[in-house]
Amino acid sequence: MTSATTPRVRFAPSPTGYLHVGGARTALFNWLFARHFGGTLILRIEDTDFERSSQEMVEGILTGMRWLGLNWDEGPFYQSQRLDLYRATAEKLLASGHAYHCFCTKAELEQRRAEAAAAGRPPMYDRRCRSIERSVATGRKAAGEACAVRFAVPDGGTTSFEDAVFGRVEFANAEIEDFVLLRSDGIPTYHLSVVADDLDMRLTHIIRGADHISNTPKQVLQYRALGAELPVFAHVPLILGPDKTRLSKRHGATSVIAYKDMGIVPEAFRNFLALLGWTPGSEHKDKEIFSSDDLIQLFSLDGISKSNAVFNNDKLAWYNTEYIRAYDAKNLLPLIEEEWKVFNFTPERGPEEILSTIELLKPRARNLKDFATTFRAYFSDSFEFEPAAVAKFLKDDATRSLLVELGKRYEQAPEFTEYWAEQILRSFADESGVKAGVLINGARVALTGQAVAPSLFAVMGALGKARVVNRLSGAGKISA
RNA sequence: GGCGCCAUGGUGUAACUGGUUAACACGCCGCCCUCUCAAGGCGGAGAGUUCGGGUUCGAUCCCCGAUGGCGCUACCA
């Protein structure tokens, strides 16, 4: 592939908030697209709204991308450091007559908009400054009068573009107002800076949220005015909450880091996100689990859906269990250690034991948090008994004394393996005239504090003789 | 309000250029397995494709209209 045909794409978040779910998916699609074609992904920070942008948010966005494993090839570039480019672009547009100075003040504009609304007219800019003579305008500007630069939208006709997802999209020019390119303080608006940057960065494909469809004709108009070729636009449908309104804080977590904090594994989140609004096609319709490499290989703009998608937490949770189960214990350990840190928990087991215990537990973990909460008893002697579990399997005094007695049997046993642990328990149950299940269920609670756990004898194997004996001997004192 | 876009079970999606008992996954229900809970295996409920018109021998698929949802409508991005 020659460099001329190698795609160059970008992710261009505005640092007015953390990396949210929708932004993350846009980033993911751009990344997938770039990696699929061996192209270049550029990270551009759109921080021209100084009021709302902050370095903290930039860091948050970078953290989110790293967590998802999305690396970029160029940047991050900051629009706040590229103001000269935008001013020069505005000058070009001014010089070619595609833009003009506007001396209307914000207050005047607002008042006229209110009047228009009251009269039932569309609240568009009335273009009054468009008729000001060039020389007059430059004179007024030179005299120190504040002015913005507006784009002169053609009077009639339509502006259209071919979208890789939506097909041909067309707008009547009469519907597009003479939008502001450069604010009176010399700071560009989004409309100008995107075009100037997308052009300057030689981007070939613009993959972004569908909320930008209506903005696109304003950009197309500038490309034409500048005599530039259009990139390929690909608008991605939005992600909605369960009530089908745009995903927002009302729906709970919207920042990707919040999902990390909730104990979600990044591969699960990425897989889930990739299939929200995109499908690898019918040949793969029976498959749901896709590795990063699979996704890169399969990704294509053709598979992007046109309709908005609802974010489904249940499905995410399912992916999480699938991925946790598939993890190697040694790769899972660092993630679990992070959770332990969050909970201020220190395991009291050796490294080998920890790994084999993770191996035992991971098939039934739903979430990384489980390792620091419900699975505590496997890693430390300080753990809580779940009242419901005690009430269900240990409420009987007789059962508890039998467990204490069972502990003694184990203590005296010459061998303590999963096999012998089971033999001993079952023969003890026979001898005592109780069902093995009673002792098994009771022992599980005595050993783990939980009613839910892996096979009891596997648990015993993981805990080791000393702990098993010790915890069973304390069974008499457990109360609900 | 204006303009634009979209519309398949509760959710995500599939159904080659119109011909299928409308498929898969999540979720839900039941059964099996079983020492609990997951997992796993098996089975089930749940959409006639938003609605109404066309075109056609035949429409999820093409056309028109309606409805609904979403987006844009700033000197925000």
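Order of the sequence lines fixes the chain letters, A, B, ..., with proteins taken first and strands second; residue numbering starts at 1 for each chain.
A:Asp430 and A:Ser427 form no side-chain donor-acceptor contact under 3.5 Å, judged by distance and modelled atom types alone. Looking at A:Asp178 and A:Tyr100, their side chains do bring a donor and an acceptor atom within 3.5 Å of each other.
No contact: A:Gly209 has no heavy atom under 4.0 Å from any strand. No contact: A:Ser193 has no heavy atom under 4.0 Å from any strand. Among the heavy atoms of the strands lying under 4.0 Å from A:Arg150 are primed sugar atoms or P, OP1, OP2 only; no base atom is included. If you check every strand for non-hydrogen atoms under 4.0 Å, A:Asn215 touches a base. Contact annotation for A:Glu110: no contact, since no heavy-atom pair falls under 4.0 Å across all strands. Among the atoms of the strands shown, base atoms are found under 4.0 Å from some heavy atom of A:Ser455. When heavy atoms are screened at a 4.0 angstrom cut-off, A:Ser214 is found touching base atoms of the nucleic acid. Nucleic acid contact for A:Leu456: base, since at least one base atom lies under 4.0 Å from a heavy atom of the residue. Using a 4.0 Å heavy-atom criterion, one finds that A:His212 contacts the bases of the nucleic acid, with or without backbone contacts as well. Across all strands, A:Ser53 comes closer than 4.0 Å to no nucleic acid atom at all (heavy-atom distances). Here A:Ser184 lies in heavy-atom contact (under 4.0 Å) with a base. A:Arg444 comes within contact range of at least one nucleobase, with a heavy-atom separation under 4.0 Å. Within 4.0 Å (heavy atoms only), A:Pro454 reaches at least one base atom of the nucleic acid. A:Ala436 comes within 4.0 angstrom of no nucleic acid atom, judged by non-hydrogen atoms across all strands.
Straight-line distance between the P atoms of B:A23 and B:G48: roughly 13 Å, to the nearest whole Å. Straight-line distance between the C1' atoms of B:U17 and B:A59: roughly 14 Å, to the nearest whole Å. B:A77 and B:C62: their P atoms are spaced 38 Å apart (whole Å). Comparing the C1' positions of B:G10 and B:U49 gives an interatomic distance of 16 Å, to the nearest angstrom. Annotation: B:C33 and B:C42 have their C1' atoms spaced 11 Å apart (nearest Å). Comparing B:A39 with B:U34, their C1' atoms are spaced 12 Å from each other, to the whole Å. The gap from the P atom of B:A66 to that of B:A47 amounts to 29 Å, rounded to the nearest Å. Look at the P atom in both B:U21 and B:G53: the space between them is 24 Å, to the nearest Å.
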Its dot-bracket string being built from Watson-Crick and G-U pairs below 3.5 Å, with | for another strand and [ ] for crossing, RNA chain B has the pattern (((((((..((((.....[...)))).(((((.......))))).....(((((..]....))))))))))))....
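Other residues, nucleotides and ligands contribute at most 12 non-hydrogen atoms within 6.0 Å of the NZ atom of A:Lys435. The number of heavy atoms from other shown groups lying within 6.0 Å of CD (A:Glu51) does not exceed 12. More than 12 heavy atoms of other residues, nucleotides or ligands lie within 6.0 Å of CH2 in A:Trp318, so this atom counts as buried by the packing criterion.
Positionally, the nearest nucleotide of RNA chain B for A:Ile213 lies more toward the 5' end than for the other of A:Ile213 and A:Leu109. Annotation: of the two residues near RNA chain B, A:Ser305 and A:Arg366, the 5′-most nearest-nucleotide partner is A:Ser305.
Scanning RNA chain B 5' to 3' for nucleotides with an atom closer than 4.0 angstrom to a non-hydrogen atom of chain A gives a first and last hit of B:G2 to B:A77.
Exactly one of A:Thr48, A:Asp47, A:Asp49 qualifies for a side chain to side chain donor-acceptor pair (under 3.5 Å) with A:Ser80. That residue is A:Asp47.
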*Decide side chain to side chain contact (heavy atoms under 4.5 Å, CB included) for A:Leu368 and A:Leu332; before the verdict, give the C-alpha distance in whole Å, the side-chain angles of both, and the deciding distance to 0.1 Å.*
CA-CA 9 Å; A:Leu368 288 174; A:Leu332 198 54; 3.9 Å; yes
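In textbook terms, a nucleotide whose glycosidic angle is within 90° of 0 is syn, and B:G48 is one such case.
Judged by distance alone, with hydrogens and angles left aside, the side-chain atoms of A:Asn30 form a donor-acceptor pair with the main-chain N or O of A:Thr26 at under 3.5 Å.
Here side chain to side chain donor-acceptor pair (under 3.5 Å) pairs that include residues 140-153 of chain A, with residues two or more places apart or in two chains, are A:Arg140-A:Glu145.
Side-chain rings of A:Phe311 and A:Tyr259 approach one another, their centers coming within less than 6.0 Å.
A cation-pi contact links A:Arg25 to A:Phe29, judged by a cut-off of 6.0 Å to the six-membered ring centre and 45° from its axis.
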